Amino acid sequence: MATIHATVPPVIEAALRAATRAPSVHNTQPWRFVAGPNHVEVHLDRTRVLAVADHDSREARLSCGAALFNLWLALRDGGRGAVVDLVPDAGRPDFLASVRISGERVAAPELHALAAVIDRRVTNRRPFAQRAVTAQDRSELVRSARSEGCRLVLLDDPRRLGALAVLLRRADHLQEDDPAYQVELRKWTDDRGDRDDGVPPWAGGPRPLGGNLLALRRYHSDETTVERSFEQDPLVAVLASADDTVRDQVRAGQALQHVLLTATAAGLSASFLSQPMEVPYTRSALRQLIGGRDHPQTVLRLGYGQPVAQTRRRPVAAVSEAPISDPV
């Protein structure tokens with residue numbers, strides 16, 4: 001891949017760096033950027049799509065949508081206008097978004113507040129405090145998803161939370177017993193210390209003690225992880241979109257990142273409960289659980305956690321290239 005073009009201004013390079021801080025399943029970082037002096041394209045990198053866990057590339061598109069939101073936010077925080085066009089070329093379905101960058105434009109204070117926590121947002125797979133998320137914080141999370149055209153469904157009643165836990169355990173069991181899935185998981189969770197992607201052992205989180213309500217994904221063997229007691233009353237939320245097209249999935253990724261940054265700014269931590277999203281049967285059942293109308297895109301566990309370290313990201317030069325010719 002070519003080095004990022006010399007004419008790319010610092011504000012765009014900074015925005016690309018912010019984009020790489022987005023979350024992705026197994027930290028695969030399935031994005032590729034084409035950057036010029038006044039535009040950035042966001043593409044899906046098919047070489048980084050999980051063939052087993054993400055057979056339809058839906059989770060990878062969510063990740064690219066999250067990167068797109070960081071990119072747009074950093075540009076706006078840098079004082080530039082930014083117009084996003086989703087899936088601009090129907091003949092190129094992996095060309096997920098084009099961002100046209102314009103002249104100076106003052107960002108609203110709430111955008112500054114979100115941009116300030118881009119580098120602080122991390123996936124926290126450790127136990128959260130035995131403390132309920134406040135009503136105000138819950139309302140802000142829901143509002144953040146709605147502002148991006150999606151719905152955040154809080155499973156805050158025991159019946160629906162219990163039903164989700166059953167689906168989560170079912171999907172987790174199926175993946176644990178799937179040799180192809182396990183081979184794929186091991187590829188992205190080895191303990192080689194020099195890689196800029198994947199989930200290292202320290203980031204996989206501890207094993208829950210027996211009796212934990214939620215089945216958490218085991219990234220590494222039981223022999224290398226300790227047991228911990230997790231929160232007894234977790235806040236679980238389902239992010240859903242009105243439809244399930246490529247455009248809807250990218251937009252859901254934007255909503256996801258808006259929610260995660262809002263949570264970070266409020267002092268909340270988050271981790272993903274992705275297993276039921278990766279098994280068609282449980283994803284369909286989850287759709288019925290949240291009303292049968294919207295399409296679930298991801299499941300989040302939210303709460304007040306202790307700080308954790310960031311996982312590594314590939315450098316901007318490794319995920320960006322110059323256009324063949326700048327669009328006019």
Side-chain angles (χ1 to χ4, degrees), residues 10-24 27 29 31 33 40 42 61-86 96-97 99-102 104-124 128 133-152 154 235 237 239-241 249-272 297-298 300-305 307-311 313 316:
V11 66
I12 296 181
E13 188 165 1
L16 290 169
R17 191 173 299 109
T20 68
R21 290 308 316 170
S24 56
N27 194 23
Q29 305 169 42
W31 42 67
F33 306 102
V40 177
V42 181
R61 294 189 194 99
L62 254 66
S63 301
C64 290
L68 171 63
F69 185 83
N70 274 4
L71 176 75
W72 172 85
L73 180 62
L75 288 169
R76 295 291 293 109
D77 185 56
R80 304 295 294 272
V83 178
V84 175
D85 185 12
L86 296 182
L96 299 181
V99 183
R100 174 72 62 176
I101 299 138
S102 59
E104 294 184 3
R105 185 176 175 187
V106 178
E110 55 265 29
L111 295 185
H112 285 299
L114 293 178
V117 299
I118 287 175
D119 285 333
R120 283 172 40 204
R121 187 225 61 84
V122 294
T123 300
N124 188 340
F128 297 158
V133 176
T134 67
Q136 180 178 347
D137 286 342
R138 293 175 188 229
S139 295
E140 285 299 309
L141 296 173
V142 171
R143 183 195 62 78
S144 296
R146 187 186 305 120
S147 70
E148 304 300 330
C150 291
R151 187 164 71 107
L152 190 71
L154 304 181
L235 176 60
L239 181 70
S241 57
Q249 292 163 7
V250 176
R251 194 165 189 186
Q254 294 174 284
L256 167 64
Q257 190 65 2
H258 196 162
V259 168
L260 292 175
L261 293 178
T262 299
T264 303
L268 290 165
S269 295
S271 66
F272 294 87
Q297 297 294 346
T298 197
L300 295 171
R301 165 182 159 258
L302 297 145
Y304 300 98
V308 295
Q310 294 179 335
T311 51
R313 295 294 189 274
V316 168

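Keep in mind that the numbers below use all heavy atoms, side chains included, and drop hydrogens, waters and symmetry copies. Since the structure is predicted, the reported quantities are computational estimates derived from the model, not experimental observations.
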Subject >> Exercise: identify the closest heavy-atom pair between A19 and F33 >> reply: CB-CZ, 3.7 Å

Subject >> Minimum heavy-atom distance between L260 and P23, given as atom pair plus value >> reply: CD1-CG, 3.8 Å

Subject >> Backbone of V142 reached by a side-chain donor or acceptor of R138 within 3.5 Å >> reply: no

**OP:** Evaluate side chain to side chain contact (heavy atoms under 4.5 Å, CB included) for V99 paired with L71, printing each intermediate quantity in order.
**Re:** CA-CA 9 Å; V99 183; L71 176 75; 3.8 Å; yes

Original post:
N27 versus Q29: any side-chain heavy-atom pair under 4.5 Å?
Top reply: yes

Subject >> S271 and R301: side chain donor to acceptor below 3.5 Å >> reply: yes

Subject >> From CA spacing to verdict: side chain to side chain contact (heavy atoms under 4.5 Å, CB included), R21, Q310 >> reply: CA-CA 9 Å; R21 290 308 316 170; Q310 294 179 335; 3.4 Å; yes

**OP:** Could you grab the distance from atom CD of Q254 to atom CG of L68, nearest 0.5 Å is fine?
**Re:** 4.5 Å

Subject >> Minimum heavy-atom distance L154-A237, with the two atoms named >> reply: CD2-CB, 3.7 Å

Original post:
Can you name the side-chain hydrogen bond (donor to acceptor under 3.5 Å, both in side chains) partners of T262, sequence neighbours left out?
Top reply: S144

Subject >> Flag for D137-Y304: side-chain donor and acceptor within less than 3.5 Å >> reply: yes

**OP:** Quick one: pull up CG in L141 and CG in L235 and give me the separation to the nearest 0.5 Å.
**Re:** 7.5 Å

**OP:** Given side chain to side chain contact (heavy atoms under 4.5 Å, CB included), test L300 with L239 step by step and report yes or no.
**Re:** CA-CA 8 Å; L300 295 171; L239 181 70; 5.6 Å; no

Original post:
From S241 OG over to E148 CD, what is the distance, rounded to the nearest 0.5 angstrom?
Top reply: 13.0 Å

Subject >> Among L73, V106, D77, side chain to side chain contact (heavy atoms under 4.5 Å, CB included) partner for L111 >> reply: L73

Original post:
What pair of heavy atoms forms the shortest contact from C150 to A240, and how long is it?
Top reply: CB-O, 3.3 Å

Original post:
Should we count CD of Q136 as having more than 12 external heavy atoms under 6.0 Å?
Top reply: no

Subject >> Non-neighbouring partners of R105 that pass salt bridge (charged side-chain N to carboxylate O under 4.0 Å, His left out), sequence neighbours left out >> reply: none

**OP:** Check whether the side chains of T311 and R313 place a donor and an acceptor atom closer than 3.5 Å, and report yes or no.
**Re:** yes

Subject >> Distance, nearest 0.5 Å, that separates CG of L114 from NE2 of H258 >> reply: 5.0 Å

Subject >> Contact summary for S269 and F128, nearest pair of heavy atoms >> reply: CB-CE2, 3.6 Å

Original post:
Has R61 got more than 12 heavy atoms of other residues, nucleotides or ligands less than 6.0 Å from its CZ?
Top reply: yes

**OP:** Find the distance between CZ (F272) and OG (S24) and round it off to the nearest 0.5 Å.
**Re:** 9.0 Å

**OP:** Report the C-alpha distance between L86 and R251 in whole Å, list the side-chain angles of each, state the deciding distance to 0.1 Å, and finish with yes or no for side chain to side chain contact (heavy atoms under 4.5 Å, CB included).
**Re:** CA-CA 8 Å; L86 296 182; R251 194 165 189 186; 4.2 Å; yes

Original post:
To the nearest 0.5 Å, what is the distance between CG (L302) and CG (N124)?
Top reply: 11.0 Å

**OP:** Check A74 against A18 and note the closest heavy-atom contact, atom names and distance.
**Re:** CB-CB, 3.8 Å

Original post:
Below 4.5 Å, heavy atoms only, C-beta onward: do N70 and L261 meet side chain to side chain?
Top reply: yes

